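To start, the structure under review is shown below, and the notes come after it.
None of these values were measured; they are calculated from a predicted model.
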Amino acid sequence: MRFLLTIGVVICTAYTTYAQRTIDPYHYSIEKNIRVAKGAVVSAHPLASEVGAMILEQGGNAVDAAIATQLALAVVYPGAGNIGGGGFLVGHLKNGKNIAIDYREKAPAKASRNMYLDSAGNAITQLSLDGHLAAGVPGTVAGLFASMKYARLPFKKLIAPAIELAAKGYVITAAEARDLNEAKEQFIRLNTAPTAFVREEPWKAGDTLFQPELAHTLALIRDKGAAGFYQGETAANIVAEMKRGNGIITLADLKNYQAKERQAVAFPYKKYTIVTMPLPSSGGICLQQLMGMVENYPIAKWGFHSPEAVQLMIEAERRAYADRANFLGDPDFVKVPVKRLTDKKYLASRMQDFVPGKAGSSEITKAGVFPESEETTHLSIIDAEGNAIAVTTTLNGHYGSRTVVGGSGFLLNNEMDDFSVKPGVPNMYGLVGNEANAIAPHKRMLSSMTPTLVLEKNQVLYSLGTPGGSTIITSVFQTLMNTLEFGLTAEEAINKPKFHHQWLPDQVMVENDFPESTIRALEQMGYKITKRGAIGRSEIIKRDPKTKQLEASGDHRGDDSAAGY
Ligand code: GLY
């Protein structure tokens with residue numbers, strides 16, 4: 001061990017102004033909850049949050065900080081931070097404009113509808129999860145450059161901390177050491193070249209992880225822009241890696257990848273406006289459906305975690321996920337009836353067969369009819385000018401496909417598993433889909449990522465989001481209900497135990513510490529309850545509408561940490 005890792009939890013109660021910030025990759029601490037006066041960043045790793053806060057202090061805006069934080073996460077949080085994956089950025093700018101940038105991965109040109117089926121037509125799900133063939137064409141680097149339109153500082157400044165962290169190394173936390181050790185066999189099996197993540201002896205907290213190849217790739221991106229990734233040496237390394245491992249991404253796939261600016265989903269909920277991600281994320285539409293389905297019930301009166309409130313939310317979740325499975329897919333490929341799916345009358349009609357005190361059934365509740373490793377990571381940022389950003393980004397599974405591009409040092413995603421590999425066959429999150437999300441060349445796979453902002457009187461009130469695969473949407477929904485309806489603090493709202501229903505399988509998952517009395521009441525109504533570990537790892541920032549002070553909180557379920565000034 002080269003340096004001692006200091007991991008502590010510091011809860012600041014006073015508003016804090018930090019002295020000029022330096023990033024020390026060998027000594028850092030986790031700050032779960034901070035209150036600051038100007039700008040705040042919260043992400044899955046303390047060093048990445050520190051990088052974002054440093055950029056804010058140096059005069060960058062929330063978009064600058066989001067770019068720098070994502071690049072730092074690609075180094076210090078390899079399980080989900082990435083340049084080999086994809087993501088979504090949602091923002092509300094001080095001029096009142098909402099933005100949504102889509103840098104979701106795409107299916108390669110050689111992808112085909114039945115590429116993960118055997119000759120008898122059975123799904124070989126491991127193929128869409130492990131190794132080279134599981135990877136979609138990465139979108140993150142294109143997304144970072146698309147975001148530069150709203151940034152203020154030069155890209156070179158934003159990428160510099162990530163290059164330094166990769167080249168000089170940083171000490172890993174106990175959680176990272178555990179995760180790397182658990183994935184060791186897979187890293188060995190799914191790689192064709194040595195990777196920085198595998199070594200003879202087990203990793204332990206305080207060890208230093210060096211990533212010289214990743215530092216080199218980041219330097220190419222710094223010097224050549226997006227072409228430093230999608231063309232030249234890096235692209236050649238990706239294609240060579242594909243050839244060694246029977247993957248199908250080509251030079252043309254990489255050169256042709258483009259991020260897209262989309263129109264953010266924005267809908268009213270009582271006195272608030274919710275701003276979130278449109279398709280190809282299902283998150284925004286499902287969140288609008290969920291909130292629309294519960295809006296007219298006296299949920300606040302029923303109370304937080306009361307059987308009545310939880311049951312209502314479960315039944316809304318059942319209906320939204322049934323629609324998700326049937327109707328949602330890449331809007332560039334399929335016609336999705338977004339207006340009808342989010343119409344208030346339609347949402348009210350979906351709840352007509354809701355019976356308080358009695359469990360519904362996913363056999364009976366189908367998609368609506370009209371005359372369709374849970375690893376990902378989220379970061380939230382609000383700056384001193386009132387610009388707010390929410391970014392959710394992913395490799396899909398933990399460490400994605402677990403394949404590192406030889407010579408370039410970054411992990412590739414396994415996002416192809418987010419397509420419906422065969423109608424009715426569940427993906428790794430147990431989600432089923434159909435035609436709308438079938439594989440096609442160049443198509444974006446459906447996502448659940450739900451980076452979200454809450455506005456009140458056109459001023460940002462919250463920036464929030466979470467990883468968690470299919471549980472992302474229900475976690476964001478619950479965090480919003482916890483704050484806007486049940487009056488919990490931001491910190492409580494993300495940390496309290498969560499529950500999840502996704503239509504199929506017809507069961508309610510609850511975190512292990514979910515209140516037993518509510519579980520018993522739900523069982524009496526006829527629900528099948530399954531206990532499980534953590535649901536989501538949320539990040540949240542609240543901006544006080546009067547004082548403009550910020551409260552940033554990182555989820556207690558991981559190394560999540562806040563920084564600000
Ligand atoms: N890979 C998780 C999602 O995009 O929903």
Side-chain angles (χ1 to χ4, degrees), residues 5 7 10 18 21-32 34 36 39-58 60 62-85 87 89 140-141 143-144 147 153 157-173 175-176 179 208-209 211 214-215 218 375-383 389-395 398-399 410-411 451 463 465-467 537-541 552-555 557-565:
L5 168 68
I7 291 287
V10 180
Y18 292 91
R21 190 177 306 269
T22 49
I23 309 294
D24 181 347
Y26 311 117
H27 306 89
Y28 57 88
S29 58
I30 293 173
E31 299 210 26
K32 284 294 174 198
I34 61 164
V36 290
V41 180
V42 57
S43 80
H45 197 283
L47 287 170
S49 298
E50 285 286 327
V51 165
M54 183 178 74
I55 292 295
L56 290 179
E57 280 180 325
Q58 291 175 351
V63 181
D64 291 296
I67 294 167
T69 306
Q70 285 173 86
L71 286 161
L73 279 172
V75 180
V76 298
Y77 188 50
N82 68 83
I83 54 172
L89 178 147
T140 294
V141 174
L144 298 179
S147 308
L153 299 181
K157 201 174 173 84
L158 306 180
I159 199 171
I163 296 175
E164 197 163 321
L165 286 164
K168 296 190 178 160
Y170 70 100
V171 295
I172 61 171
T173 63
E176 192 67 61
D179 291 347
T208 303
L209 179 63
Q211 299 175 79
L214 177 58
L218 293 170
E375 277 310 323
T376 289
T377 192
H378 178 82
L379 55 117
S380 281
I381 300 176
I382 300 181
D383 68 20
I389 295 293
V391 173
T392 313
T393 179
T394 189
L395 290 167
H398 202 47
Y399 303 113
F410 62 90
L411 281 152
S463 170
T466 184
R537 269 178 67 174
S538 301
E539 323 292 357
I540 190 165
I541 305 177
S553 301
D555 200 306
R557 296 167 180 85
D559 291 337
D560 307 56
S561 185
Y565 71 111

Carefully, step by step, assess Thr392 and His378 under the rule side-chain hydrogen bond (donor to acceptor under 3.5 Å, both in side chains). CA-CA 4 Å; Thr392 313; His378 178 82; 2.9 Å; yes
Quick check against the 3.5 Å criterion: does Tyr77 have a side-chain atom that pairs as donor or acceptor with the backbone of Ala44? no
Measuring from atom CG of Asp179 to atom OH of Tyr399, what distance do you get when rounded to the nearest 0.5 angstrom? 4.5 Å
Restricting to side-chain hydrogen bond (donor to acceptor under 3.5 Å, both in side chains), what partner residues turn up for His45, sequence neighbours left out? none
Could you state the interatomic distance from CG (Leu144) to CG (Leu158), rounded to the nearest 0.5 Å? 9.5 Å
Just by modelled atom types, is the Ile540 backbone N or O under 3.5 Å from a matching donor or acceptor in the Ser553 side chain? no
Is it true that a side-chain atom of Ser463 and a backbone atom of Ile541 form a donor plus acceptor pair closer than 3.5 Å? no
What is the distance from atom CG of Asp560 to atom OG of Ser43, rounded to the nearest 0.5 Å? 7.5 Å
Determine the minimum heavy-atom distance between Ala65 and Ile381, stating which atoms define it. C-CD1, 3.5 Å
Any residue meeting side chain to side chain contact (heavy atoms under 4.5 Å, CB included) with Ser561, in chain and number order, not counting sequence neighbours: Ile30, Glu31, Pro46
With sequence neighbours excluded, tell me which residues meet salt bridge (Lys or Arg N to Asp or Glu O under 4.0 Å) with Asp555. Arg557
Thr69 and Ala48 have their tightest heavy-atom pair at CG2-O, 3.5 Å
Non-neighbouring partners of Thr393 that pass side-chain hydrogen bond (donor to acceptor under 3.5 Å, both in side chains), sequence neighbours left out: Asn82
If you take all heavy atoms of Ser147 and Val63, which pair is closest and at what distance? O-CG1, 3.3 Å
Nearest 0.5 Å, please: how far is CG in Leu411 from CG in Leu395? 6.0 Å
Partner residues of Asp64 under the side-chain hydrogen bond (donor to acceptor under 3.5 Å, both in side chains) criterion, sequence neighbours left out: none
Nearest heavy-atom neighbours spanning Val42 and Ala552: CB-CB, 4.5 Å
Would you mind reporting whether Met54 and Pro161 have side-chain heavy atoms less than 4.5 Å apart? yes
Could you grab the distance from atom CD of Glu57 to atom CD of Glu50, nearest 0.5 Å is fine? 8.5 Å
In terms of heavy-atom contacts, Tyr170 and Pro78 come closest through OH-CD, 3.8 Å
Closest heavy-atom pair and its distance - Tyr565, Val36: O-CB, 3.3 Å
Measuring from atom CZ of Arg537 to atom OG1 of Thr466, what distance do you get when rounded to the nearest 0.5 angstrom? 9.0 Å
Which residues share a side-chain hydrogen bond (donor to acceptor under 3.5 Å, both in side chains) with Gln211, sequence neighbours left out: none
